[in-house]
Amino acid sequence: MQGFIALALILGFVSPCLCTRMNVGTENAIYNVIQYGARGDGITDDLQAFVSAFSSACKAAGMSTLIIPAGKKYMVSKANFSGPCSARVLIQLEGQIVAPSRAASKSKLYWISVKYVNELTIDGNNKGGFHGGGRTWWQCPTCDRPKMLFFHSCNGLNVRNLRILNSPKSHVSVNMCNHSTFSHISINSAAASPNTDGFDISRSNNISIENSKIRSGDDCIAVNGGSFFINITRVTCGPGHGISIGSLGRNRLNDKVSDVHIRNCTFIGTTNGARIKTVPGGSGYARQITFEQIILSNVKNPIIIDQGYKISPTDTSVKVSSVTYRGFIGTSASKIAVNLNCSSPGCFNILLDQNNIVATQAGKKTSFFCRNAHGTVRNTFPNVSCLSS
Ligand SMILES: *[C@@H]1O[C@H](CO)[C@@H](O)[C@H](O)[C@H]1NC(C)=O
Ligand SMILES: *[C@@H]1O[C@H](CO)[C@@H](O)[C@H](O)[C@H]1NC(C)=O
Ligand SMILES: *[C@@H]1O[C@H](CO)[C@@H](O)[C@H](O)[C@H]1NC(C)=O
Ligand SMILES: *[C@@H]1O[C@H](CO)[C@@H](O)[C@H](O)[C@H]1NC(C)=O
Ligand SMILES: *[C@@H]1O[C@H](CO)[C@@H](O)[C@H](O)[C@H]1NC(C)=O
Ligand SMILES: *[C@@H]1O[C@H](CO)[C@@H](O)[C@H](O)[C@H]1NC(C)=O
Ligand SMILES: CC(=O)N[C@H]1CO[C@H](CO)[C@@H](O)[C@@H]1O
């Protein structure tokens with residue numbers, strides 16, 4: 001018996017060490033897109049080199065590294081990187097990946113997609129990134145403008161130290177991915193660029209976006225239906241439309257979002273700060289949403305819940321509850337700094353705590369608006385005395 005316990009202990013302790021050794025012992029194979037024929041001249045289509053290099057890295061055993069060297073521009077017409085991969089792939093993206101011109105574009109929905117790849121890391125080392133060439137597309141909002149980066153069904157994704165510029169449409173879509181982190185990402189598109197959301201998260205769990213700067217013409221980050229346990233931490237937004245839960249319930253969908261934690265974020269000149277938006281006719285919920293330690297600079301709607309009117313009395317509504325706004329400090333560009341505009345079933349358990357939102361313009365007062373909003377206010381200016389219990 002004792003021998004057995006000893007054996008179990010040895011196996012228990014030793015086997016992780018063996019695994020570690022095996023990983024270290026396994027060749028960390030290096031795949032360089034240049035060796036696969038990439039030109040990096042910014043003109044020749046490097047798609048084939050990228051797809052072949054990725055495919056080799058993906059099929060390796062253990063760990064593999066795909067290198068996209070610095071100092072070059074790689075034109076890639078349209079790429080679809082698909083798993084599953086046997087290797088844990090690290091992409092060292094130190095060069096610039098540039099989109100083809102609008103005239104040469106082959107993408108309708110997405111420019112670059114990454115699907116069914118687990119444990120992928122993309123590290124730009126603060127040098128590399130993606131250039132979407134959006135400027136020529138923004139002039140044609142009704143064109144089939146491609147979204148830029150699409151991550152679908154990727155678990156354990158880690159994307160960091162990257163610059164993402166000028167998407168024709170939204171920049172980064174995260175769909176059906178769990179346990180993924182995006183950090184030190186800089187997104188930059190013009191304030192007047194249409195539908196250029198920074199991040200769109202949908203049907204994903206345990207996602208963290210942190211230490212990032214997002215300038216765009218639409219939502220900084222949108223958290224859509226089927227998303228749970230989302231952290232957004234130390235993100236600066238602006239210009240753009242702020243951080244939004246939803247729209248939820250569009251096309252009568254049943255959309256559920258919960259456990260979203262937005263902390264230490266800054267909004268500069270955005271249309272909204274903390275927004276929850278639902279569309280009448282939909283169902284589902286938005287709950288356990290916390291916004292805290294938020295700095296506002298000249299934000300039009302610092303705190304807003306916008307549920308619209310019900311179209312007919314039989315119409316359903318997405319339920320909003322347990323929403324906390326704590327530690328908002330700064331300035332509102334409009335009079336109504338806190339707008340809790342809920343549909344008739346009501347929003348419940350709203351907590352406003354330790355907020356101080358004043359008008360951008362000296363001498364002006366900020367105020368508030370509630371419709372069907374229930375909850376508690378503590379130490380908040382303006383005092384939001386319209387909340388019912
Ligand atoms: C992307 O690649 C996968 C696997 O190779 C394939 O099944 C899928 O159809 C491709 N999608 C597009 C849009 O090309
Ligand atoms: C993510 O987690 C959800 C909920 O556990 C699960 O339904 C889904 O299949 C997971 N996604 C992936 C890509 O594994
Ligand atoms: C979100 O933040 C909480 C609190 O710091 C932490 O416990 C949790 O692991 C984080 N989740 C993700 C997905 O980063
Ligand atoms: C947020 O900022 C506060 C005050 O600056 C700091 O004490 C706290 O550690 C920060 N929290 C996070 C999660 O960044
Ligand atoms: C509240 O929402 C309704 C319906 O969308 C809208 O007509 C109204 O202007 C809103 N009120 C405020 C103060 O935002
Ligand atoms: C809230 O502030 C308004 C003035 O902005 C004041 O008239 C009202 O009495 C205050 N309500 C409470 C409950 O302090
Ligand atoms: C899909 C998934 O793994 N969800 C997890 C996200 O994190 C929460 C809280 O840590 C877990 O309870 C979930 O199981």
Side-chain angles (χ1 to χ4, degrees), residues 82-85 113-120 150-160 173-183 199 201-212 221 223-235 246-250 256-265 271-273 275-282 288-293 300-312 315 317-318 320 324 326 332-347 366-373 382 384 386-387:
S82 258
C85 292
S113 61
V114 181
K115 301 178 191 175
Y116 312 106
V117 183
N118 292 339
E119 310 294 329
L120 171 69
F150 179 55
F151 294 101
H152 170 75
S153 210
C154 295
N155 292 329
L157 181 65
N158 188 334
V159 182
R160 58 193 186 221
S173 307
V174 182
N175 173 253
M176 296 179 75
C177 295
N178 297 332
H179 300 282
S180 296
T181 302
F182 295 82
S183 60
F199 281 89
I201 302 172
S202 58
R203 300 178 69 187
S204 296
N205 294 308
N206 301 66
I207 306 294
S208 175
I209 300 179
E210 53 200 42
N211 300 315
S212 293
I221 299 173
V223 180
N224 296 300
S227 302
F228 309 99
F229 300 99
I230 311 295
N231 287 352
I232 301 172
T233 315
R234 296 178 298 273
V235 171
S247 299
L248 302 180
R250 211 180 270 289
K256 297 175 181 145
V257 171
S258 78
D259 300 281
V260 180
H261 220 127
I262 295 149
R263 268 179 292 231
N264 293 46
C265 291
T271 321
N272 307 294
R275 173 162 77 158
I276 298 176
K277 186 173 167 64
T278 77
V279 176
Q288 321 285 15
I289 315 283
T290 300
F291 296 91
E292 59 190 341
Q293 309 298 87
K300 202 164 161 214
N301 304 299
I303 292 177
I304 181 163
I305 296 177
D306 174 7
Q307 291 210 277
Y309 280 126
K310 287 188 173 188
I311 297 159
S312 81
D315 258 342
S317 182
V318 175
V320 175
T324 297
R326 179 181 291 118
S332 174
S334 76
K335 186 168 162 60
I336 301 182
V338 180
N339 186 347
L340 307 173
N341 196 344
C342 300
S343 65
S344 56
C347 304
T366 47
S367 69
F368 45 81
F369 174 83
C370 305
R371 189 166 61 103
N372 306 316
V384 196
C386 58
L387 265 181

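Worth saying up front: this structure is predicted, and the values here are computed from it rather than measured. Note that these values count all heavy atoms, side chains included, but never hydrogens, waters or copies made by symmetry. Starting from 1, each residue takes its place in the sequence as its number. Read the numbers this way: they start at 1 and go in the same order the structure lists the ligands and their atoms.
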Undergrad: Please check if the side chain of Ser180 supplies one atom and the backbone of Asn158 the other of a donor-acceptor pair under 3.5 Å.
TA: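 Pair absent, no side-chain N/O of Ser180 close to backbone of Asn158.
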Undergrad: Of all the atoms in ligand 2, which lie at a distance below 4.0 Å from a heavy atom belonging to Asn205?
TA: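 That gives atoms 1 (C), 2 (O), 3 (C), 4 (C) of ligand 2.
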Undergrad: Using only atom types and a distance under 3.5 Å, with no angle test, would you say the side chain of Ser153 pairs donor to acceptor with the backbone of Tyr116?
TA: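 A pair under 3.5 Å: no.
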Undergrad: Any nitrogen or oxygen of Ser153 lying under 3.5 Å from a nitrogen or oxygen in ligand 2? Just yes or no.
TA: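 In this structure, Ser153 places no N or O atom under 3.5 Å from an N or O of ligand 2.
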Undergrad: Flag yes if more than 12 heavy atoms outside Arg250 fall under 6.0 Å of its CZ atom; otherwise flag no.
TA: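 No - once you tally the heavy atoms of other residues, nucleotides and ligands closer than 6.0 Å, there are 12 at most.
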Undergrad: Would the distance check show the side chain of Asp306 and the main-chain N or O of Asn341 forming a donor-acceptor pair, the cut-off being under 3.5 Å?
TA: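 Flag not set: sc Asp306 to bb Asn341 has no pair under 3.5 Å.
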Undergrad: Determine whether a donor-acceptor pair (N or O, by modelled atom type, separation under 3.5 Å) exists between the side chain of Asn178 and the backbone of Asn205.
TA: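 Yes; judged by distance alone, with no hydrogens or angles, the pair exists.
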Undergrad: With heavy atoms under 4.0 Å as the rule, classify the contact between Arg263 and ligand 3 as side chain, backbone, both or neither.
TA: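 It is the side chain that gets close, since no backbone atom is under 4.0 Å.
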Undergrad: Are the side chain of Asn118 and the backbone of Asn155 linked by a donor-acceptor contact shorter than 3.5 Å?
TA: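 At least one qualifying donor-acceptor pair exists.
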Undergrad: Just jot down the ligand 2 atoms closer than 4.0 angstrom to any heavy atom of Met176, in number order.
TA: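 Numbered from 1, ligand 2 contributes 13 (C).
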Undergrad: Between Asn231 and ligand 3, is there a nitrogen or oxygen pair with a distance under 3.5 Å?
TA: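 Yes; at least one N/O pair falls below 3.5 Å.
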Undergrad: Give yes when the SG atoms of Cys342 and Cys370 are nearer than 2.5 Å, otherwise give no.
TA: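 Answer is no: Cys370 does not pair with Cys342 in a disulfide.
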Undergrad: Polar pairs, ligand 5 vs protein, N/O only, below 3.5 Å.
TA:
residue, atom, partner, partner atom, Å
ligand 5, 2 (O), Asn341, OD1, 3.2
ligand 5, 2 (O), Asn341, ND2, 2.4
ligand 5, 11 (N), Asn341, ND2, 2.9
ligand 5, 14 (O), Asn339, ND2, 3.0
ligand 5, 14 (O), Asn341, ND2, 3.3

